Amino acid sequence: MSTRAISGGHGVVMHVRCPDRLGEEAFRQVLEELAGLSPVVQALPPTAALVDLRGALRFHGVDARRLGEILRIRTISRLGVDVRIGIGPSITIAATASGQVDLPGGVLAIAPEDVTGWLGPLPVEALHGIGPRQAALLRDYGIHCVGLLAAVPPATVQRLLGGKTGRLATDRARGIDPRPVAPRALPASASVRCAFDEHTLDGAIVRASLLQLVVRLGSRLRGRDQVARALTLTLTFAGGGSWEKTRRLAAPSAHEDDLRRLAYQLMDAAGLQRGRLTGLVLKGEDLIDADQAPRQLSLDDTREARLAAETAIDRVRDKFGPRVIGPAAVFRRAS
């Protein structure tokens, strides 16, 4: 697909699917690679994104398929992440195309003049926006491919799927999707997690694990020159249950003392007695750049000394690795 696809009112949309269960930090890095191609990027958490390529084609001077190949090479070489990329004149076509790319990754570009012929033979469940229940209902009435869905009168599809859903299904089966790519970044957050090898009741082990998460989160935030305005603690239990609570910090911070104090308050709020824990997740929420946070001089000499020590510790970790130095309590856990 080339810049000619823009003529006649056609757009050029890229839909990117990352591997399932990709971590948030890796997903953010993929989004940064997308932003290097085009300024119009729409994050679709947890692992997908849309890109409007119209301006990018003119800027880079290559066709859309080539841009997709460039992106894939960059994500593999720089991040170790392979992606599935679909390109088409609309969001529906691009997202349907990416779903047809075999794992682990690849690029499939559909030109505007090929949309009808390409969509027609696809199974109805392959059309982006058609869920399993809708597909099963359509199949019950003999509508097993997208071409048949496009040929059925819209009123019939509306009776089967409901008014709005039926109209959207008919339009998308016919390649009609006027939605624009709306620039949207991921919510500003950063999370760290740990999983226990065995169901854990020991309070000391849980506290040490939580402290270790505090250290990792604080180091990550300071490395990104960010501060958190809130923390969320999630506990997962044997049997699949979970508990989650969010509290705001008194002031935006990335310092371990501040994060630790609030993290312990969150743990205390859980009121654990005999709950068997399988894992912890600590997330810094509502992040802002560190230089945007107000800084008030402290008259607490002990705190100021700890902040100075924290800066030195960060330099040690940067040089020798994140696990060479830390609070003594985190080393209570067996390696």
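Fair warning: this is a prediction, and the values are worked out from it, not measured in the lab.
The shortest side-chain heavy-atom distance between Trp243 and Leu277 does not fall under the 4.5 Å cut-off. Between Leu67 and Leu53, the closest side-chain pair of non-hydrogen atoms falls below 4.5 Å. Counting heavy atoms from C-beta outward, Phe27 and Val81 have side chains that stay 4.5 Å or more apart. When side chains are defined from C-beta on, Ile85 does not count as touching His15, because their heavy atoms never get closer than 4.5 Å. Looking at heavy atoms from C-beta onward, Val181 lies out of side-chain contact with Val51 at the 4.5 angstrom threshold. In this structure, the side chains of His144 and Leu148 come closer than 4.5 Å at one or more pairs of heavy atoms. The shortest side-chain heavy-atom distance between Val281 and Leu233 does not fall under the 4.5 Å cut-off. In this structure, the side chains of Leu79 and Glu33 come closer than 4.5 Å at one or more pairs of heavy atoms.
Rounding to the nearest 0.5 Å places OG of Ser38 at 6.0 Å from CG of Asp52. The CD1 atom of Ile73 sits 10.5 Å away from atom CZ of Arg78, with the distance rounded to the nearest 0.5 Å. Within the model, atoms CZ of Arg216 and CZ of Arg193 stand 9.5 Å from one another, a figure rounded to the nearest 0.5 Å. Rounding to the nearest 0.5 Å places CG of Leu108 at 8.0 Å from CD of Gln100. Interatomic distance, Thr246 OG1 to Leu262 CG, rounded to the nearest 0.5 Å: 9.5 Å. To the nearest 0.5 angstrom, Ile130 atom CD1 is 10.0 Å from Ile143 atom CD1.
Ion pairing between a basic and an acidic side chain is recognised when a charged N comes within 4.0 Å of a carboxylate O; Glu69 and Arg66 show such pairing. Using a 4.0 Å cut-off between a side-chain N of Lys or Arg and a carboxylate O of Asp or Glu, Arg17 and Asp82 do not qualify as a salt bridge. Electrostatic pairing of Lys283 and Glu244 does not count as a salt bridge here, judged by no charged N lying under 4.0 Å from a carboxylate O. Salt bridge status for Arg248 with Asp286: present, with a side-chain N to carboxylate O gap under 4.0 Å. Ion pair Glu285/Arg229 not flagged as a salt bridge, since none of the NZ, NE, NH1 or NH2 atoms sits closer than 4.0 Å to an Asp/Glu carboxylate oxygen. Ion pairing between a basic and an acidic side chain is recognised when a charged N comes within 4.0 Å of a carboxylate O; Arg179 and Asp177 show such pairing. By the 4.0 Å N-to-carboxylate-O rule, Arg174 lies too far from Asp171 to be salt-bridged with it. With respect to the salt-bridge test (charged N to carboxylate O, under 4.0 angstrom), the residues Arg222 and Asp225 do not qualify.
Residues Ala190 and Leu217 approach most closely at O-CD1, 3.6 Å, considering heavy atoms. The shortest non-hydrogen separation linking Val214 to Ala263 is CG2-CB, 3.8 Å. Minimum heavy-atom separation, Pro183 to Val40: CG-CG1, 3.8 Å. Nearest heavy atom pair, residue Leu149 against residue Leu127, reads CD2-CD2, 4.1 Å. Considering all non-hydrogen atoms of both residues, Leu211 and Arg260 come closest at CD1-CD, 3.7 Å. Between Cys194 and Ser209, the closest heavy-atom pair is SG-CB, 4.0 Å.
The backbone N or O of Ala182 lies less than 3.5 Å from a partner atom in the side chain of Gln42, making a donor-acceptor pair. With hydrogens and angles disregarded, a donor-acceptor distance shorter than 3.5 Å links the side chain of Gln134 to the backbone of Gly131. Of the possible donor and acceptor atoms, none in the side chain of His128 sits under 3.5 Å from a partner among the backbone N and O of Ile93. One N or O on the side chain of Thr75 and one on the backbone of Arg72 form a donor-acceptor pair closer than 3.5 Å. Under a 3.5 Å cut-off, the side chain of Thr47 and the backbone N or O of Leu22 do not form any donor-acceptor pair. Judged by distance alone, the side chain of Ser191 and the main-chain N or O of Leu282 form no donor-acceptor pair under 3.5 Å.
In this structure, Val62 is a member of the same hydrophobic cluster as Leu57, with clusters built from ILVMFWY side-chain heavy atoms closer than 4.5 Å. Tracing side-chain contacts under 4.5 Å through hydrophobic residues (I, L, V, M, F, W, Y), one reaches Tyr141 starting from Leu122; they form part of the same cluster.
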Would you mind writing out the side-chain donor-acceptor pairs for residues 162-169 within the sub-3.5 Å range, not counting sequence neighbours?
none

Quiz item: Could you go step by step and tell me if Leu221 and Leu287 meet the side chain to side chain contact (heavy atoms under 4.5 Å, CB included) rule?
Solution: CA-CA 9 Å; Leu221 293 177; Leu287 304 185; 3.8 Å; yes
Practice problem: Would you check, one step at a time, whether the test side chain to side chain contact (heavy atoms under 4.5 Å, CB included) holds for Ile91 with Leu50? | Solution: CA-CA 8 Å; Ile91 291 175; Leu50 291 166; 3.8 Å; yes
Quiz item: Are Leu235 and Met267 close enough, and set up right, to give a side chain to side chain contact (heavy atoms under 4.5 Å, CB included), and what steps lead you there?
Solution: CA-CA 9 Å; Leu235 312 179; Met267 179 64 79; 4.0 Å; yes
Practice problem: Just do the side chain to side chain contact (heavy atoms under 4.5 Å, CB included) check on Leu231 and Leu266 with the steps written out, would you? | Solution: CA-CA 9 Å; Leu231 288 183; Leu266 288 167; 4.0 Å; yes
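No hydrogens or angles considered: nothing links the side chains of Thr236 and Ser242 as a donor-acceptor pair under 3.5 Å.
A cation-pi contact, defined as under 6.0 Å to the ring centre and within 45° of the axis, is absent between Arg276 and Phe237.
For Asp268, the CG atom is densely surrounded, since the number of other residues' heavy atoms within 6.0 Å is greater than 12.
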